Peer 1: 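Starting off with a structure, shown below.
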Amino acid sequence: MCGIVSYIGSREARSILLEGLKQLEYRGYDSAGLAIRQGNHIELYRAVGKIVELEKKIAGKEVKGTIGIAHTRWATHGEPTEENAHPHRDQNDDVFLIHNGIIENYLSLKKWMEKDGIVFRSQTDTEVLAQLIAINFEGDLSEAVRKAMSQVEGTFGLAVIHKNVPDEIVIARRGSPLIIGVSDHGYFAASDVSAMVRHTNKVVHLKDNELATLTAGGFSISTAQAIPIERDAETVEWRAEDAELNGFPHFMLKEIFEQPETIQNAMRGRLEPGEGVPKLGGIMPVWENIKECRHLVIVACGTSYYAGCVGRYVFEKLTEIDMEVELASEFRYRKLNFPPNTFILALSQSGETADTLAAIREAKRKGASLLGIVNVVGSSISRETEAGVYNHAGPEIGVASTKIFTSQLTILTLLALLLGRHQKLSLTEGVEAIRALQLLPDQVRAVLSQDNHIRAIAEKYHKRSNWLFLGRKFNYPIAMEGALKLKEVSYIHAEGYAAGEMKHGPIALINPDMPTVAIAPMDDMYDKMISNINEIKSRKGPIIAIATQGDEKVKELSDEIIEIPPTLDYLYPILAVIPCQLLAYHCANLLKRDIDKPRNLAKSVTVE
Ligand code: M6R
């Protein structure tokens with residue numbers, strides 16, 4: 001969703017901000033803008049559409065300041081127009097402000113201001129915030145922001161500059177992430193690390209209800225009640241090259257191909273092959289309680305939710321725990337009973353998904369203990385959970401989540417194995433699991449080596465407008481994830497179904513025009529999947545099978561076959577999802593879609 005980057009230092013802000021905005025493009029946006037201090041005034045440029053439109057507006061202009069704020073906007077209040085793009089100003093052009101989040105009481109504040117004759121130029125909630133800071137300003141910008149924070153309801157990550165305060169950027173946060181970057185030539189404030197990773201990997205996370213003042217020589221943090229806070233910078237492991245394409249045409253393809261490494265990273269230092277038990281240091285703070293846990297609820301959205309659905313089957317196989325998986329966006333409408341020692345496990349790449357955050361906050365109110373599996377270090381979910389495990393997968397830039405899904409499945413398996421070894425699994429079972437986990441990176445490489453073959457299948461079928469994905473048990477969520485991947489990047493309609501449901505409705509759809517991707521590895525559901533494939537074949541539906549290497553039976557029944565190496569039942573999803581990701585990618589590419597930034601989508605969904 002919206003992205004923030006600001007800079008104050010010794011270098012020219014213009015190129016730093018434009019470059020930062022480009023790094024934020026993956027979050028999804030429909031307009032962009034920046035404001036740069038130049039002497040005694042502030043230059044404002046905004047444009048609808050891609051950053052390149054903003055660059056065109058600035059081209060040939062003398063914009064030379066070293067202090068500036070910039071923003072990519074994903075419209076919530078008001079259409080994507082230039083007037084609605086950020087930065088927003090007060091009516092006198094004193095305050096320039098960028099904002100992520102939603103000001104919930106903006107209408108009542110606006111009414112009150114309009115009564116006093118204040119003139120508005122946009123339909124946004126953000127403009128109200130700019131006007132409010134201007135009204136509160138009496139010479140001290142952080143005080144004006146602090147006062148405004150007490151008057152607004154809702155969420156914000158904001159950065160603001162004032163015409164009469166020549167050497168400061170003030171930033172504040174409530175509910176929308178904001179990070180300070182410390183470089184050798186100045187200070188950054190951004191909504192995520194990728195906007196500044198080319199300049200620094202030293203960051204300070206601002207917490208909710210805190211604000212900070214940035215100058216060219218340093219920064220100071222304080223609470224909304226003006227209590228000063230000392231916080232040291234942390235070093236993030238992301239590198240500048242992680243945000244580059246490195247020869248791949250799209251981030252989605254690059255990230256699909258990174259999976260042997262990201263699966264390895266999810267296991268690195270966490271396996272004890274001889275003991276048949278993983279080590280998860282991040283879980284240790286709650287070990288005494290979690291080792292006896294009998295009730296675990298996974299909450300997540302989108303692809304992370306489907307990872308949770310696989311996780312449910314894996315935990316049920318390896319542990320004694322009663323499992324539930326809930327869409328975070330539905331969680332608060334459920335009447336869930338939490339027996340004593342219930343854990344809630346949030347899965348999230350970004351660690352900032354609004355629904356997932358709301359779900360864990362609700363669960364906490366009901367007395368549950370909170371765990372997280374999160375990729376972005378220092379993100380809200382990682383901080384609000386009591387214990388957890390990081391993916392260490394590097395930034396995922398493509399809007400379609402790929403490498404994080406397989407990383408989440410790997411970590412869920414490690415967690416289930418850790419608890420299972422304590423609750424019921426023998427040493428032999430533990431050792432067998434770890435051996436199979438260790439083979440995964442090479443097995444994923446073997447699946448990826450069929451990329452040309454998968455592209456050829458996509459060439460044959462990419463013009464079909466309806467697809468079906470079928471799987472059972474461990475691979476039922478892979479059918480849903482395969483369908484989601486295809487829809488979100490290629491805009492082809494696809495359904496993911498539990499194969500056992502076929503006869504209850506979807507079989508009516510089968511005809512020679514609709515391809516079915518049947519996920520049919522040699523697991524304990526194999527015979528049932530063969531029956532489903534036969535049912536589709538007898539109705540002349542084209543079958544693209546994902547099957548275990550050397551499976552002649554499935555080969556004979558199917559129109560196309562993509563082979564995956566043999567593994568344990570509960571690890572097949574990690575291999576079976578790779579062909580689904582590649583099929584989605586190649587169909588989207590053949591259809592010339594905007595693969596890394598599909599229409600209407602944002603990488604990190606920070607509003608409900
Ligand atoms: O950052 P999160 O994992 O919490 O994000 C959850 C979903 O928004 C995300 O997985 C979304 O469904 C992706 N676009 C799927 O590819």
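Just so you know, ligand 1 is whichever comes first in the structure, and atom 1 is the first atom listed for that ligand. It should be emphasised that the depicted structure is a prediction, and the values quoted were computed from it without experimental measurement.
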Peer 1: Would Ser401 count as a polar contact of ligand 1, with the cut-off being nitrogen or oxygen pairs under 3.5 Å?
Peer 2: yes

Peer 1: List ligand 1 atoms under 4.0 Å from Ala400, heavy atoms only on the residue side.
Peer 2: 16 (O)

Peer 1: Salt bridge or not between Lys366 and Glu362? Use side-chain N to carboxylate O under 4.0 Å.
Peer 2: yes

Peer 1: Listed by chain and number, what are the side-chain contact (heavy atoms from CB on, under 4.5 Å) partners of Ala233, not counting sequence neighbours?
Peer 2: Val182, Lys202, Val204

Peer 1: Tell me the protein heavy atom at minimum distance from atom 8 (O) of ligand 1, and give that distance in Å.
Peer 2: Val605 CG2, 4.0 Å

Peer 1: Is ligand 1 under 4.0 Å from a heavy atom in the side chain of Thr303, in the backbone, in both, or in neither?
Peer 2: both

Peer 1: Regarding Arg593 and Glu488, does a basic nitrogen lie under 4.0 Å from an acidic carboxylate oxygen?
Peer 2: no

Peer 1: Could you tell me how the ring of Phe338 sits relative to the ring of Phe331: parallel (under 30°), tilted (30 to 60°) or perpendicular (over 60°)?
Peer 2: parallel

Peer 1: Distance to 0.1 Å, residue and atom name: give those for the protein heavy atom nearest to atom 6 (C) of ligand 1.
Peer 2: Cys301 O, 3.3 Å

Peer 1: Got a donor-acceptor contact below 3.5 angstrom from the Asn391 side chain to the Ala393 backbone?
Peer 2: no

Peer 1: Does the N or O separation between Gln408 and ligand 1 drop below 3.5 Å for any pair?
Peer 2: no

Peer 1: List ligand 1 atoms under 4.0 Å from Lys485, heavy atoms only on the residue side.
Peer 2: 15 (C), 16 (O)

Peer 1: Using a strict cut-off of 4.0 Å, indicate which atoms of ligand 1 neighbour a heavy atom of Ser304.
Peer 2: 2 (P), 3 (O), 10 (O)

Peer 1: Out of all atoms in ligand 1, which are within 4.0 Å of some heavy atom of Ser348? Include the element for each.
Peer 2: 1 (O), 2 (P), 3 (O), 4 (O)

Peer 1: State whether a side-chain donor-acceptor pair under 3.5 Å links Asp355 with Thr353.
Peer 2: no

Peer 1: Which residue and non-hydrogen atom of the protein lie closest to atom 4 (O) of ligand 1, and at what distance in Å?
Peer 2: Thr353 OG1, 2.5 Å

Peer 1: Below 4.0 Å, non-hydrogen atoms only: which portion of Glu488 touches ligand 1? Side chain, backbone, both or neither.
Peer 2: side chain

Peer 1: Who pairs with Asp322 by salt bridge (charged side-chain N to carboxylate O under 4.0 Å, His left out), at least two apart in sequence or on another chain?
Peer 2: none

Peer 1: Is there a side-chain contact between Leu448 and Pro260, using heavy atoms and a 4.5 Å cut-off?
Peer 2: yes

Peer 1: Going by the order shown, which atoms of ligand 1 are within less than 4.0 Å of some heavy atom of Val399?
Peer 2: 13 (C), 14 (N), 16 (O)

